Amino acid sequence: MLNYKYIIPSAVLILLGLMLALMPQVKHSKEIPPQEILLKILDDTRFYSTDKVAEMIINKDPSMMLVDVRDAEEYKNFSLPGAINLPLDSILTSTAKAYMGQDVRAIVFYGNGTIYANQAWMLGQRLGYKNLFVMKGGLNRWVETILRPITPSASASSAELETYQFRRGASQYFGGSSDAAMPQNTSVISIKSGKKKKRVKGGC
C-alpha cells in the first residue's frame with residue numbers, strides 16, 4: 001500500500017533534482033557541485049517561516065535581505081516591505097551578483113508560492129552564494145498566516161495562542177484584516193501599523 005504522506009515530498013525532490021541537472025553551466029569561481037546542493041535540499045533549515053520574516057520586518061532587522069523573485073509587474077502590485085525585485089530569470093546576472101555576493105545578511109527568496117523561490121535558491125547555491133534561504137509557502141502562506149490569521153480552537157495550547165496573538169498584531173501592522181473573533185483571555189499584541197498593500201494572487 002502506498003504511503004501518500006511521502007509521495008508529494010519525494011516528487012518535489014525529484015523535480016528539484018532534475019532542474020538542478022538541467023541548470024545552465026555557468027562559470028563561477030566558487031561554484032558548488034550539484035551533489036552537494038541536492039544534500040542541502042533535504043535540509044529544512046533553508047526555510048524561514050512567515051512569522052520569522054514578519055518579526056524581522058517589524059523589528060527592522062538589518063540582517064535580512066528579502067528578494068522577490070516574481071516579475072516586475074507582480075512586484076509592483078504587491079511586495080513585502082523592504083524587498084528588492086530580482087526576477088528568477090535575472091539570478092545569473094551581474095545585477096543579482098551585486099546584491100547576493102555577500103556573506104553578512106541572510107538572503108530570503110520568496111514568490112507567490114515556494115517553487116520559484118526554491119529555484120532561485122538552487123541557482124544561488126550553484127554559484128556559491130552564502131546565507132540563502134526561502135520563505136516557506138511564499139506570499140500565499142503570508143496571506144493565510146500574517147494578513148488573515150485564523151482563530152485558534154478553544155482547546156488551543158498556550159504556544160498556539162501566543163502565535164495567534166503575534167499574528168493578529170502583525171496583521172494590523174501590515175494592513176491585513178481578520179474577521180475572526182478573539183478567543184477568551186487572549187489579547188492582541190500592539191504593533192504600530194505599517195503601509196497597506198494590495199492582495200496577492202498566484203501559485204508560484
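A quick note: this is a predicted structure, and the numbers were derived from the prediction, not measured. Computed from heavy atoms alone, side chains included, the values below leave out hydrogens, waters and symmetry copies.
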**OP:** Report the C-alpha distance between Ile84 and Tyr99 in whole Å, list the side-chain angles of each, state the deciding distance to 0.1 Å, and finish with yes or no for side-chain contact (heavy atoms from CB on, under 4.5 Å).
**Re:** CA-CA 9 Å; Ile84 63 171; Tyr99 288 104; 3.5 Å; yes

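- Side chain of Thr163 to backbone of Ala159: a donor-acceptor contact under 3.5 angstrom is found.
- In terms of modelled atom types and a separation under 3.5 Å, the side chain of Arg70 and the main chain of Tyr116 share no donor-acceptor contact.
- Between the CG atom of Leu66 and the CZ atom of Phe109 there is a distance of 11.0 Å, given to the nearest 0.5 Å.
- Within the 4.5 Å cutoff, no side-chain heavy atoms of Arg105 are placed close to those of Asn131.
- Looking only at side-chain heavy atoms (C-beta outward), Phe47 and Asn118 come within less than 4.5 Å of each other.
- Inter-residue side-chain proximity for Val69 and Gln119 is flagged as unmet; no heavy-atom pair is nearer than 4.5 Å.
- At least one donor-acceptor pair under 3.5 Å links the side chain of Tyr75 to the backbone N or O of Ala83.
- Atom CG of Leu127 sits about 7.0 Å away from atom CE of Met100, to the nearest 0.5 Å.
- What you find for Ile91 and Leu86 is that their closest heavy atoms are CD1-O, 4.0 Å.
- Here ring pair (Phe, Tyr, Trp, His ring centres under 6.0 Å) pairs that include residues 52-74, with residues two or more places apart or in two chains, number zero.
- Formation of a donor-acceptor pair under 3.5 Å by the Asp71 side chain with backbone atoms of Glu73 is found in this model.
- With sequence neighbours excluded, the residues forming a side chain to side chain contact (heavy atoms under 4.5 Å, CB included) with Lys52 are Tyr48, Ser49, Met56, listed by chain and number.
- Applying the side chain to side chain contact (heavy atoms under 4.5 Å, CB included) rule to Glu144 yields the partners Arg141; only residues at least two apart in sequence or on another chain are considered.
- The minimum heavy-atom distance between Trp121 and Leu132, with the atom names listed, is NE1-O, 3.2 Å.
- The distance from atom OG1 of Thr45 to atom CZ of Phe133, rounded to the nearest 0.5 Å, is 7.0 Å.
- Thr114 and Gly138 make their closest contact through OG1-N, 4.0 Å (heavy atoms, listed as atom of the first residue, atom of the second, distance).
- Put simply, the side chain of Tyr110 gets close to the backbone of Leu80: a donor and an acceptor are under 3.5 Å apart.
- Looking at Pro149 and Phe166, their side chains never come closer than 4.5 Å, going by heavy atoms from C-beta outward.
- No donor-acceptor pair under 3.5 Å is formed between the side chain of Asp68 and the backbone N or O of Asn85.
- Here the closest heavy-atom approach between residue Ile146 and residue Ala170 is recorded as CG2-CB, 4.0 Å.
- Thr50 contributes atom OG1, which lies 10.5 Å from atom NZ of Lys136 (distance to the nearest 0.5 angstrom).
- Side chains of Arg148 and Val143 form a contact here, defined as non-hydrogen atoms less than 4.5 Å apart.
- Separation of atoms CD (Glu160) and OG1 (Thr151) is listed at 12.5 Å; rounding is to 0.5 Å.
- How far NZ of Lys130 is from CD of Gln125: 8.5 Å, rounded to the nearest 0.5 Å.
- Trp142 approaches Ile57 most closely through the heavy-atom pair CH2-CD1, 4.1 Å.
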